[in-house]
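Step one of this worksheet: look at the structure below.
Basis for what follows: all heavy atoms, side chains included, without hydrogens, waters or symmetry-related copies. Letters go in sequence order (proteins before strands), and every chain restarts at 1.
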Amino acid sequence: NAGVTQTPKFQVLKTGQSMTLQCAQDMNHNSMYWYRQDPGMGLRLIYYSASEGTTDKGEVPNGYNVSRLNKREFSLRLESAAPSQTSVYFCASSGIRQGDQPQHFGDGTRLSIL
Amino acid sequence: ELKVEQNPLFLSMQEGKNYTIYCNYSTTSDRLYWYRQDPGKSLESLFVLLSNGAVKQEGRLMASLDTKARLSTLHITAAVHDLSATYFCAVASTNAGGTSYGKLTFGQGTILTVHP
């Protein structure tokens, strides 16, 4: 089982460049999430999609956009990258909206913005 | 706004000793999760606690939830080096009707190091 797959695993960008982080899950989960992880701050929710066709802002959405392309795929876009967006980005998915199951995480994308 | 605080943030233990990590949260919730993260790796689910008084055990780790006190604990028994990792608790938000849903707020994480 692949679970949650994120691409790319590493990326270096220059300030002002744009890019899209891809996430796909093969567990037939309804809900998908994007987090960023910074040292000493745990994980912070950027955006989530409770079900196909819906997206909502999390704690730190500024500077990001998302697309729930279909049930399997949820992408995160940085339109104009800034050094403050240097972080490790994790995608996660879960099967039930009421949170009775844990979220399953991908391996992360390590993003550096110069 | 839901806030989640863990303590301690750093924990250095000797093998064979017992210790407890605490997770306090600020608003009503009945869904709490514990995760483990090894350096440079993803997060691995350890426990899902779904109601007041819930207790789960796996090997040397035991987690409990007290929703009235808004407190969860992760107890480590007879620590071994393989338990060295960062441990996160995460709490599910509730909607206006009091139903928990999948949006999680994470604690800062507890970095556990177990020494021989």
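- Atoms NZ and NZ, on Lys103(B) and Lys57(A) in that order, are 11.5 Å from each other to the nearest 0.5 Å.
- Heavy atoms from other residues, nucleotides or ligands lying under 6.0 Å from NE2 of His115(B) number more than 12.
- Pairing each heavy atom of Gln37(A) with each of Gln37(B), the nearest pair is NE2-OE1, 2.9 Å.
- In this structure, Tyr35(A) is a member of the same hydrophobic cluster as Phe88(B), with clusters built from ILVMFWY side-chain heavy atoms closer than 4.5 Å.
- No more than 12 heavy atoms of other residues, nucleotides or ligands lie within 6.0 Å of CD in Glu5(B), so this atom counts as exposed by the packing criterion.
- Leu74(B) and Tyr35(B) fall into different hydrophobic clusters, defined by Ile, Leu, Val, Met, Phe, Trp and Tyr side-chain heavy atoms under 4.5 Å apart, directly or through other members.
- A chain of hydrophobic side-chain contacts below 4.5 Å, direct or via other Ile, Leu, Val, Met, Phe, Trp or Tyr residues, connects Val80(B) to Leu61(B).
- For Leu45(A) against Leu104(B), the heavy-atom pair with the smallest separation is CB-O, 4.4 Å.
- Under the 4.5 Å side-chain contact rule for hydrophobic residues, Tyr47(A) and Phe90(A) do not share a cluster.
- Val55(B) and Leu49(B) sit in two unconnected hydrophobic clusters of ILVMFWY residues. Membership requires side-chain heavy atoms under 4.5 Å apart, directly or through other members.
- Within the structure, salt bridge (charged side-chain N to carboxylate O under 4.0 Å, His left out) pairs that include any residue of residues 36-48 of chain B comprise Arg36(B)-Asp38(B) (at least two apart or interchain).
- Considering OG1 of Thr105(B) and CD of Glu59(A), their distance stands at 6.5 Å, rounded to 0.5 Å.
- Near-neighbour residues of residues 105-114 of chain A relative to chain B, defined by a heavy atom under 4.5 Å from a heavy atom of that chain, comprise Phe105(A), Gly106(A), Asp107(A), Arg110(A).
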